[in-house]
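Chain letters run A, B, ... following the sequence lines, proteins first and then strands; every chain starts at 1. These values consider heavy atoms only, across backbone and side chains, with no hydrogens, waters or symmetry-generated copies.
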Number of protein chains: 2
Amino acid sequence: MLHMDIQQMLKERRLRATPARVATLDVLLSAGRALTHHEVEESLAAAGNRLDRVTLYRTLDFLVEEDLAHRLSGEDRTWRFSAQDKRSGHAHPHFCCSGCGATLCLGDLNPAMVVGLPEGYSFQQAELTIRGLCPACNHA
Amino acid sequence: MLHMDIQQMLKERRLRATPARVATLDVLLSAGRALTHHEVEESLAAAGNRLDRVTLYRTLDFLVEEDLAHRLSGEDRTWRFSAQDKRSGHAHPHFCCSGCGATLCLGDLNPAMVVGLPEGYSFQQAELTIRGLCPACNHA
DNA sequence: TATCCATATGCAACATTGTTGCACAAAATT
DNA sequence: AATTTTGTGCAACAATGTTGCATATGGATA
């Protein structure tokens, strides 16, 4: 996406359109999948937008808080961030490749799934992660 | 559970019934929920069975490999271990409390849920995590 | 356009969680 | 009992994420 458009995205929400945010959002929007902090860092560096580690952590946190990105937990204890899916906020089905860790978002979940909590428990959110092999790892 | 019985569990599978394993398994079996490494460590120490951090990591890995325990990833980037549910290996619905992080296993998943992967992707396992509040946190 | 202030950034230090290598101890096997 | 195999503890390291603080900067205001 054009940086102009990304700046616009931020300004529409009355948020500061700093270079760090624009570049980070650009990386997330361009990726076809959820990226780790490290992957974002490398991607930024490759594009000549080197950011401090801490700044990137804070920028990613910021984007998540402002609902411009989505933080999801994988099987490898590292957060992954995605700006792709602005799907309904309460049900996030993901696919996670056992081969390479690639993570991406699938379609909506059927809320009917989320029933049968024990007495006294309250529901907030459901997350379904399907593990398997992505096309690349299927062939390897 | 009695230590005798736990030793039996291990020996039936031709595994060495070391004190570290028996004590760790005991802690996991007695807990009504999945425990973090740290929680297991504390629980062991409280029972006078202090274990080295590394030994505990390795013991937990061992139990998972031998299918005596189950490792699950939470929202806080730390593994949790449970010896409770020897439910079907391919679908693990969990409940995770947003208040205190307590994690426990719910009933079986309907495998029909796991359909609709994009072309080229292969299925291995599904994990559904429901977030919400446990009874204690609901009242607090 | 120049000034100013809230806030974003970078740096250093730290915290947490998990891993690796190696020497020693304990179990199992003979 | 001796030997082999495996488990344990210690030290050091690695990866991921956090906190405090000084400085730089975006964007509102004059």
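- When distances run from any side-chain atom of W79(B) to the nucleotides dG26(D), dG10(C), dG18(C), the shortest one goes to dG18(C).
- Set against dC22(C), dT18(D), dG18(C), the side chain of R58(B) has dC22(C) as its closest nucleotide.
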Apply salt bridge (charged side-chain N to carboxylate O under 4.0 Å, His left out) to the pair E65(A) and R58(A), showing each step before the final yes or no.
CA-CA 10 Å; E65(A) 259 179 36; R58(A) 292 200 267 231; over 6 Å; no
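- The side chain of T78(B) places no N or O atom within less than 4.0 Å of a non-bridging phosphate oxygen (OP1 or OP2) of dT17(C).
- Between T18(B) and the phosphate of dT8(D), there is a side-chain N or O to OP1/OP2 separation shorter than 4.0 Å.
- Rounding to whole angstrom units, CG of residue L56(B) and P of dT8(D) are separated by 10 Å.
- Heavy-atom nearest nucleotides on DNA chain C were determined for A20(A) and for R53(B), and the one closer to the 5' end corresponds to A20(A).
- Interface remark: the R14(B) side chain does not form any donor-acceptor pair with the dA28(C) base, using a distance-only criterion of under 3.5 Å.
- Between the P atom of dT16(D) and the CG atom of L35(A) lies a distance of 14 Å, rounded to the nearest Å.
- Of the charged side-chain nitrogens involved, none lies within less than 4.0 Å of a carboxylate oxygen, so that E66(B) and R14(B) do not count as a salt-bridged pair.
- For R50(B) and dC10(D), the CZ to C1' distance is 14 Å, given to the nearest whole Å.
- The separation between D61(A) atom CG and dT16(D) atom P is 16 Å, rounded to whole Å.
- The pair E42(A)-R50(A) does not count as a salt bridge, with every side-chain nitrogen at least 4.0 angstrom from each carboxylate oxygen.
- Following rounding to the nearest Å, Y57(A) (OH) and dT19(D) (P) show an atom-to-atom distance of 13 Å.
- An OP1 or OP2 oxygen of dA8(C) is reached within less than 4.0 angstrom by a side-chain nitrogen or oxygen of R21(A).
- Residue contacts for T59(A): at a heavy-atom cut-off of 4.0 Å it reaches the sugar-phosphate backbone alone, with no base atom in range.
- Closest approach to the H37(A) side chain among dG7(D), dT19(C), dG17(D) is made by dG17(D) (side chain taken as heavy atoms from C-beta onward).
- The interatomic distance linking R16(A) (CZ) with dC4(C) (C1') rounds to 12 Å, in whole Å.
- Summarising the geometry, the separation between CG on L15(A) and P on dA28(D) is reported as 12 Å, rounded to the nearest angstrom.
- Taking 4.5 Å as the limit, every side-chain heavy atom of R16(A) sits out of range of all side-chain heavy atoms of K11(A).
- To the nearest angstrom, P of dT16(C) lies 12 Å from CD of E42(B).
- Using a 4.0 Å cut-off between charged side-chain N and carboxylate O, D61(B) and R71(B) make a salt bridge.
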